[in-house]
There are 2 protein chains.
Amino acid sequence: MEGCTNCAACEVRGHGVCSALADKELERLSRAAVKVTVPAGHMFIEEGSDAHDFFNVTGGTVKLFKSLPDGRRQITGFVGVGHFLGLAVSDHYAFGAESVEQVQLCRFSRTKLETLMEEFPSIERRLLAEAANELVAAQDQMLLLGRKTAHERVASFLYGRLVEKYGEHIPPVADILLPMTRADIADFLGLTVETVSRTFSRLRREHLIGVGAGQDIHIPSVSRLEAIGSGDG
Amino acid sequence: MEGCTNCAACEVRGHGVCSALADKELERLSRAAVKVTVPAGHMFIEEGSDAHDFFNVTGGTVKLFKSLPDGRRQITGFVGVGHFLGLAVSDHYAFGAESVEQVQLCRFSRTKLETLMEEFPSIERRLLAEAANELVAAQDQMLLLGRKTAHERVASFLYGRLVEKYGEHIPPVADILLPMTRADIADFLGLTVETVSRTFSRLRREHLIGVGAGQDIHIPSVSRLEAIGSGDG
DNA sequence: CGGCCGCTTGACCTGTGTCAAGGGATGTGG
DNA sequence: CCACATCCCTTGACACAGGTCAAGCGGCCG
């Protein structure tokens with residue numbers, strides 16, 4: 001099965017690790033990559049298991065998490081198309097990963113990726129840039145978890161979803177479809193399901209969001225939401 | 001002042017970025033590096049300011065933090081000797097940095113470090129490894145901030161200090177000297193000064209720690225402390 | 001000596017967690 | 001096509017961990 005992927009025709013060519021490579025280098029990458037489809041709600045990296053592979057997300061949304069022995073869980077990030085997955089790694093994965101919806105992945109063996117990095121230093125540079133971005137996001141999340149109120153956390157979260165969807169160019173009025181459940185959001189924001197639900201209701205009462213069919217969120221004023229999320233509420 | 005540093009004789013040769021280089025390559029590094037001494041309690045990176053430089057800590061302890069407009073603050077990490085500082089950076093620093101005690105720094109300009117990376121890919125590899133470690137630490141901290149109790153947070157923190165001091169080989173009975181104030185610890189753990197103080201008192205009552213002259217902590221059973229910090233308490 | 005700073009402790013308050021109930025959507029088997 | 005179960009979400013009543021406010025102590029320094 002290995003080696004039969006066509007990276008040049010990949011839908012995420014231009015994103016993630018792949019964007020670091022010229023077309024001819026991609027051919028080499030193809031031999032190391034395997035495309036995988038994971039159904040919704042399936043754990044494909046178990047916390048603490050042997051770290052054989054790295055992944056690149058080519059479709060859908062993945063949640064990364066860490067757990068305590070009694071089952072308390074913290075989702076450390078939701079990662080979408082184009083993102084790389086497996087940096088925070090020694091011999092064992094330091095985190096678990098589960099698909100939020102159906103997900104497509106591009107899988108590389110660690111050893112193969114390492115030899116590829118030797119050959120193409122641009123991959124390494126690309127990974128360093130990605131790691132730096134993840135660090136910035138992690139620091140933002142620490143500020144959120146350590147110092148923000150529930151109201152601010154949910155507003156930050158929704159704004160973050162807008163950044164994920166639109167990048168730099170977020171329109172002043174926007175909509176999002178949240179693929180994750182309230183429980184996932186709670187585990188991401190360090191809250192309980194009940195508090196997340198109550199906070200959505202409060203934001204609705206305050207006309208800061210409109211909630212459609214549960215997963216559909218309308219945001220009439222992005223700037224107002226962003227202000228609340230960053231503590232200027 | 002630039003270029004007069006002797007990296008080969010540096011006390012942290014063997015740590016951090018420098019350990020990635022052979023002796024002869026170090027000479028090149030010397031020309032790009034400047035040694036700086038910062039007095040205790042001095043902010044040397046302001047959140048959001050232009051990111052001109054990278055730093056390597058060669059003495060003392062530094063706190064990194066992010067703040068909200070109303071003054072709430074989250075310390076994202078304490079970094080000690082050998083650690084690199086400035087990864088989570090775009091054009092502007094995404095965080096502030098302040099010395100906890102007197103600190104020695106090795107400063108590089110961003111542009112010079114970038115040309116050095118071109119020349120010596122081993123630096124890049126080294127930075128990627130460092131970034132991966134920081135990511136793991138950040139994920140642990142998110143779990144702490146999102147899901148642990150005050151009791152568990154303080155125990156985790158003390159255990160973390162032991163790891164910083166002893167590396168892999170932590171003795172079963174140990175001592176630490178904490179250079180940071182209770183307020184710093186509170187801002188790191190997402191608590192208030194009062195709660196940190198009360199929790200230290202509780203740990204003392206439980207004979208899990210012995211508190212000397214305020215900054216001196218004796219830990220009679222490291223394994224017990226570690227168990228509490230990781231939620232097995 | 002006086003002022004400041006860091007730390008601790010007490011009394012009280014509140015935001016969020018816990019527990020419990022119920023409703024809507026979806027799926028399944030009879 | 002209709003029970004019936006399951007899952008996700010919401011809401012209410014109440015509890016509690018940790019925050020807030022206030023007081024006091026000891027050490028350090030000018």
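Just so we're clear, the structure is a prediction, and the values are computed from it rather than from any experiment. The chains referred to below are lettered A, B, ... by the order of the sequence lines, with proteins before strands, and numbering in each begins at 1.
Once rounded to the nearest 0.5 Å, the distance linking CD1 of A:Ile209 with CG of A:Asp216 reads 11.5 Å.
No more than 12 heavy-atom neighbours from other residues, nucleotides or ligands sit within 6.0 angstrom of CD on A:Glu46.
Put simply, B:Thr192 has no side-chain N or O that comes within less than 4.0 Å of OP1 or OP2 on D:dG18. In this model, the phosphate group of D:dG18 is not approached by any side-chain N or O of B:Thr195 to a distance below 4.0 Å at OP1 or OP2. Proximity of A:Gln215 to the phosphate of D:dC9: a side-chain N or O atom is located under 4.0 Å from OP1 or OP2.
Atom CZ in B:Arg72 sits roughly 15 Å away from atom C1' in D:dT20 (whole-Å rounding). As rounded to whole Å, 13 Å separates atom C1' of D:dC9 from atom CD1 of A:Ile209. Between B:Leu191 atom CG and C:dG15 atom P the separation is 18 Å, expressed in whole Å. Atom C1' of nucleotide D:dC7 and atom CE of A:Met180 are separated by 18 Å, given to the nearest angstrom. The CD atom of B:Glu194 sits 14 Å away from the P atom of D:dG18 (whole-angstrom rounding). Between the CZ atom of A:Arg198 and the P atom of C:dT14 there is a distance of 18 Å, given to the nearest Å. The CG atom of B:Asp187 sits 12 Å away from the P atom of C:dC7 (whole-angstrom rounding). Rounding to whole angstrom units, CD1 of residue B:Ile185 and P of C:dG6 are separated by 13 Å.
Using a 4.0 Å heavy-atom criterion, one finds that A:Thr181 contacts the sugar-phosphate atoms exclusively. Nucleic acid contact for B:Gly41: none, since no nucleic acid atom lies under 4.0 Å from a heavy atom of the residue.
Under 3.5 Å, the side chains of B:Asn56 and B:His83 contain no donor-acceptor pair of N or O atoms. Side-chain N/O atoms of A:Thr76 and A:Gln141 include no donor and acceptor closer than 3.5 Å. Donor-acceptor pairing under 3.5 Å is recorded for the side chains of B:His151 and B:Glu206.
A:Lys66 and B:Asp140 are joined by a salt bridge, as a carboxylate oxygen and a charged side-chain nitrogen come within less than 4.0 angstrom of each other. For the pair B:Arg72 and A:Glu152, the salt-bridge criterion is met [side-chain N within less than 4.0 Å of a carboxylate O]. Salt bridge annotation for B:Arg198-B:Glu194: absent, with no cationic side-chain nitrogen under 4.0 angstrom from a carboxylate oxygen. Classification of B:Arg147 and A:Asp187 as a salt-bridged pair holds, one side-chain N sitting under 4.0 Å from a carboxylate O.
Side-chain N or O atoms of A:Lys148 include one that pairs as donor or acceptor with a backbone N or O of A:Gly229 at under 3.5 Å. Between the side chain of B:Glu47 and the main chain of B:Ser67, a donor-acceptor pair closer than 3.5 Å is present.
The end-to-end axis angle of the helix from C:dC1-D:dG30 to C:dG30-D:dC1, rounded to 10 degrees and based on five pairs per end, is 30°.
Shown for residues 143-161 of chain B: residues whose heavy atoms fall under 4.0 angstrom of DNA chain D, namely B:Thr149, B:Ala150. For the segment residues 199-207 of chain B, no residue has any heavy atom less than 4.0 angstrom from an atom of DNA chain D.
Figure legend: B:Arg182 and B:Phe200 shown as a cation-pi pair, the cationic atom lying under 6.0 angstrom from the six-membered ring centre and within 45 degrees of its axis.
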